[in-house]
Visitor: 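Can you read through this structure? Questions will come right after.
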Amino acid sequence: MKQNFEQCYRKTPAWLSKKLHRRKLLKSAAGASAVVASFPISAVSEDLLHKFKRDLVQREWQTLDAVQQHLLPSSASGPGAKEINACLYLYLLVYEQPTDKEEVSFIFQGVEWLNGYTEKRFSRTFVALNNEEKQQVLIGISRSTAGKSWLNMMILNIYEAMLSPPSYGGNPEGIGWQWLEHQMGFPLPEKGKRYYELPARSTVAKTASVIPTKDITAGAKKHKPYSGTDKA
C-alpha cells in the first residue's frame, strides 16, 4: 500500500536538516543592522516571468503562494511574502536551479497532502479558506513531523527570498535588505555568476536549458527604508 506524506516523512529528511541549519545563519543575518548602501538591481527575464504567471493559476502554485503569504503577510511594519517575491523565488528554486528531485517532490507532496487535509476538514482547498481557517490548518499540520518539516521548509525559503541577491528571483530591488537595514555582501552575483552556475558546482549547463535574463545592473541607486506604503 502506498504510504501517505505523513508516513513517508516521520523523520525530518537529512537534506532538510542541513538546510534548516542554514536557516539559523539567515536568522542571524536578518538580525544584523547596518547602513544600506547602493546596490545593483537584477531581474528575471520577461519570458520566465510569463511562465511563472502562467503556472501561478495551477492549484499547486496557488497553494504555495497562499501558504507563504499567510506565513509572512504584508503589513505596515514591513514587506510580506508577496512584496519579496517569495513564490517566484521558490519557482526558480524548483525550475531553474539544480535542486534535488527529492526536495522538489517533498514540496509538491506536501501541497497535495495539505489540500487533502483542508478538504477533509472544511470541504475546501487551502486557497479558499479564510485567514482563521488557514491558521487552524497550519497549526494542525505542524503537530506532525512531516507537517512541521514542510512548514519549516516554507519559512526557510521565505528567509532566503528576503535576504538573497535579487538575481535569484526574490528580494526585488533589495526590499528585504532595506527593511532590515542589512548590509549585503559584495560583489553581488549576477546571472552567470550565481552559486549554482560556478564551474565547480554547476550542473545546469549540462542538464538544462537556461532561460536568458536581462542585465539591468547599471544605474544603481539608494532606496529609502521600507515604510509600509512602498510598492515592491
Side-chain angles (χ1 to χ4, degrees), residues 3-31 55-56 58-75 77-95 97 99-122 124-164 168-171 176 180:
Q3 291 184 316
N4 65 24
F5 184 72
E6 281 186 289
Q7 293 171 329
C8 288
Y9 296 101
R10 287 174 178 162
K11 293 183 179 180
T12 302
W15 58 264
L16 180 56
S17 294
K18 293 179 180 178
K19 287 176 72 77
L20 292 176
H21 176 70
R22 187 165 77 249
R23 175 182 166 187
K24 296 179 180 178
L25 300 178
L26 288 169
K27 288 178 71 176
S28 297
D55 290 348
L56 196 55
Q58 297 176 2
R59 169 169 152 160
E60 293 84 354
W61 284 105
Q62 285 186 337
T63 302
L64 288 165
D65 190 29
V67 169
Q68 289 181 323
Q69 290 195 45
H70 189 83
L71 291 172
L72 185 64
S74 305
S75 72
S77 62
K82 181 178 181 179
E83 287 75 30
I84 64 172
N85 283 352
C87 195
L88 175 59
Y89 175 86
L90 184 60
Y91 186 84
L92 299 186
L93 180 76
V94 170
Y95 293 118
Q97 298 188 30
T99 304
D100 189 272
K101 291 182 179 179
E102 184 180 354
E103 182 173 346
V104 174
S105 177
F106 179 75
I107 293 171
F108 290 113
Q109 284 183 56
V111 171
E112 183 178 354
W113 173 68
L114 172 65
N115 278 318
Y117 182 94
T118 63
E119 287 172 346
K120 183 176 181 180
R121 183 168 178 178
F122 293 104
R124 283 171 286 155
T125 61
F126 184 84
V127 173
L129 303 181
N130 61 40
N131 284 338
E132 183 178 347
E133 291 168 339
K134 287 176 181 176
Q135 184 71 5
Q136 292 177 25
V137 165
L138 296 184
I139 290 174
I141 69 169
S142 71
R143 295 191 178 107
S144 71
T145 299
K148 184 177 180 180
S149 295
W150 191 79
L151 287 173
N152 276 333
M153 185 179 184
M154 292 298 104
I155 293 170
L156 172 64
N157 281 292
I158 289 172
Y159 272 123
E160 290 183 344
M162 181 179 292
L163 292 169
S164 297
Y168 289 96
N171 192 21
L180 298 170

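Residue indices begin at 1 and follow the sequence shown. Computed from a predicted model, the values in this text were never measured in an experiment. Note that these values count all heavy atoms, side chains included, but never hydrogens, waters or copies made by symmetry.
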Visitor: Would you give the length of the straight line joining atom CE of Met153 to atom CG of Leu16, rounded to the nearest 0.5 angstrom?
Guide: 6.5 Å
Visitor: Kindly assign one of parallel, tilted or perpendicular to the pair Tyr9 and Phe106, based on the angle between their ring planes and the thresholds 30° and 60°.
Guide: perpendicular
Visitor: Kindly compute the distance separating CD1 (Ile158) from SG (Cys87), expressed to the nearest 0.5 Å.
Guide: 10.0 Å
Visitor: Ignoring hydrogens and geometry beyond distance, is a side-chain donor-acceptor pair present between Thr12 and Ser17 at under 3.5 Å?
Guide: no
Visitor: Any chance you could measure Asp55, atom CG, to Gln62, atom CD, to the nearest 0.5 Å?
Guide: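 One gets 11.0 Å once the value is rounded to the nearest 0.5 Å.
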Visitor: Which distance, rounded to the nearest 0.5 Å, do you find between the OG1 of Thr118 and the CZ of Arg124?
Guide: 9.0 Å
Visitor: Please find the pair of heavy atoms, one from Ser142 and one from Lys148, that lie closest to each other, and give the distance.
Guide: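 That would be O-CB, 3.6 Å.
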Visitor: If you count the non-hydrogen atoms of other residues, nucleotides and ligands that lie under 6.0 Å from CD in Gln58, is the total more than 12?
Guide: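 More than 12 within 6.0 Å, yes.
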Visitor: Has the side chain of Glu112 got a donor or acceptor atom that lies under 3.5 Å from a matching backbone atom of Gln109?
Guide: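 No, because the side chain of Glu112 does not come within donor-acceptor range (under 3.5 Å) of the backbone of Gln109.
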Visitor: Is there a side-chain contact between Arg10 and Thr145 in this structure, where contact means two heavy atoms from C-beta onward sitting under 4.5 Å apart?
Guide: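 Sidechains of Thr145 and Arg10: no contact.
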Visitor: Check whether any side-chain heavy atom of Ser144 sits under 4.5 Å from a side-chain heavy atom of Trp113, and report yes or no.
Guide: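 They are in side-chain contact.
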Visitor: Mind checking the CG-OH spacing from Asn157 to Tyr91? Nearest 0.5 Å is all I need.
Guide: 15.5 Å
Visitor: With no hydrogens and no angle check, is any side-chain donor or acceptor of Ser105 less than 3.5 Å from a backbone partner on Glu102?
Guide: no
Visitor: Would you check if there is a donor-acceptor pair between the side chains of Glu119 and Asn115 at a distance under 3.5 Å?
Guide: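 Glu119 and Asn115 do not have a side-chain donor-acceptor pair below 3.5 Å.
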Visitor: Where is the tightest heavy-atom contact between Glu6 and Ala146, given as atom of each residue plus distance?
Guide: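 Taking Glu6 first and Ala146 second, the nearest heavy atoms are CA-CB, 3.7 Å.
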Visitor: Would you mind reporting whether Val137 and Lys134 have side-chain heavy atoms less than 4.5 Å apart?
Guide: no
Visitor: Mind checking whether Leu156 and Asn152 have side chains closer than 4.5 Å, heavy atoms only?
Guide: no
Visitor: Tell me which one of Asn85, Leu72, Ile84 satisfies side chain to side chain contact (heavy atoms under 4.5 Å, CB included) with Pro79.
Guide: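 Filter result, single survivor: Ile84.
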Visitor: Do Phe5 and Ile141 come close enough that some side-chain heavy atom pair is under 4.5 Å?
Guide: no
Visitor: Do Gln7 side-chain atoms and Asn4 backbone N/O form a donor-acceptor pair below 3.5 Å?
Guide: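 At least one qualifying donor-acceptor pair exists.
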Visitor: Just by modelled atom types, is the Trp61 backbone N or O under 3.5 Å from a matching donor or acceptor in the Asp65 side chain?
Guide: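 No.
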Visitor: How close do Ala161 and Ala86 get, heavy atom to heavy atom, and via which atoms?
Guide: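 So the minimum-distance heavy-atom pair works out to CB-CA, 3.8 Å.
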Visitor: If we ignore angles and hydrogens, is there a donor and acceptor under 3.5 Å between the side chains of Glu103 and Trp15?
Guide: no
Visitor: In Å, rounded to the nearest 0.5 Å, how long is the span from CD of Gln97 to CG of Leu90?
Guide: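 It comes to 10.0 Å.
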Visitor: Any side-chain heavy atom of Val67 within less than 4.5 Å of one from Val111?
Guide: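 Not touching, per the 4.5 Å side-chain cut-off.
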Visitor: Can you find a heavy atom in the side chain of Leu64 that is under 4.5 Å from one in the side chain of Phe108?
Guide: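 Yes, their side chains come closer than 4.5 Å.
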